[in-house]
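What follows is a short report on a single structure.
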Amino acid sequence: MTLFIVGGAGYIGSHMVKLAHLAGHEVITLDNLSTGHRDAVLYGAFEYCDIQDANRLNELFKKYTPDAVMHFSAYSLVGESMSDPYKYYNNNTVGTLNLLKAMIDNDCKNFIFSSTAAVFGNPEYIPIDEKHPKAPINPYGKSKLMIEQMLEDFDTAYGLKYVVFRYFNAAGHDESGKLTERHDPETHLLPLIMQTVRGEREAISIYGNDYDTKDGTCVRDYIHVNDLSRVHLQGVEYLMGGDADSKVYNLGNGEGFSVKEIIEKVKEITGKEFKVIEDDRRAGDPATLIASSQRAKKELGFAPEVDKIDDIIKTLT
Ligand code: UFG
């Protein structure tokens, strides 16, 4: 298959490029390098492209005639989306609309979309399955939910078929160490803890210790980035199998770890002590997010390989 991997220079996209290439697909990365890194694209062609640029998208669809598009290109920081919502609606929502238009215009009708647990907001029950009400509490989650809603209409009207994957907390990196998480600024918990372990930061802050959770700190469900990438391939194979209905899947490991637990685990695994500061809550953070991935397991054969939190953390060391 010929696959467009939009955002293939980013953290999750670059892992996807590698896996899809190793599975024998022709991969073409489209990226504007606003947050991604050219040297993270280890395989296939690279095409500079901003998804806001309709002419460029059309040119690339005509050049490669891809069978399917995998879309990873989004801003994904909850906190930043609270202070700069325009950036999120413009890139994530408007940019994706533009990409979908180019797909329809060029008769490419298979789409894999990176969505997020942030579409649910504060959970009404745990674990969160696909039927859980969608009530995002930050512009990031809203920007992604709007795309999910657009996709339903694009399926009905234009026959665009899609698989939406809602990730919980992507973590870890590939064994070569070449595809690390390199956000600038970094805001994610695990990479920040690892920077503290390496002495690149003075301390790690815990954002809020008064949540209604086991120890007062936020609980998240961490999933290894290679497990995420593998299930995307299963998704695209499902779509290309013919007569496929559009689908939505939640992806996590079904187990929640608090910020304090993660910090303790890293100390244990690395054998390093570091400074921890109890700080204020960060705006837009739900207390607990834990996935039910039963549907993906049953329907796609999702079978995570690095499913223990200790093993996920070990890939970072
Ligand atoms: N946290 C800290 N200190 C830090 C950084 C984070 O205490 O220095 C806390 C956060 O407040 C949160 C938890 O650690 O409670 C995890 O935070 P991350 O920033 O690592 O991840 P998020 O849960 O905010 O967001 C991630 C993705 C989103 C996705 C979400 C779904 O970035 O795209 O998971 O769970 F929507």
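Fair warning: this is a prediction, and the values are worked out from it, not measured in the lab. Atoms within each ligand, like the ligands themselves, are counted from 1 in listed order.
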Using a threshold of 4.0 angstrom between heavy atoms of the protein and any atom of ligand 1, which residues qualify? S76, T116, A117, A118, Y140, F168, N169, T187, H188, L189, L192, I204, S205, I206, Y207, C218, R220, V259, R282, D285, L289

Only one of N138, T96, N92, V119 forms a side-chain contact (heavy atoms from CB on, under 4.5 Å) with S143, so which one is it? N92

Salt-bridge present (D31, R38; N to O < 4.0 Å): no

At what distance, to the nearest 0.5 angstrom, does CG of D53 lie from CG of L99? 12.0 Å

Report the relative orientation of the aromatic rings in H232 and F165; use parallel for angles under 30°, tilted for 30 to 60°, perpendicular for over 60°. tilted

Aromatic ring pairing H132/F120, orientation class (parallel under 30°, perpendicular over 60°, tilted between): perpendicular

Taking only residues two or more places apart in sequence or in another chain, which ones pass side-chain contact (heavy atoms from CB on, under 4.5 Å) with S293? A291, F302

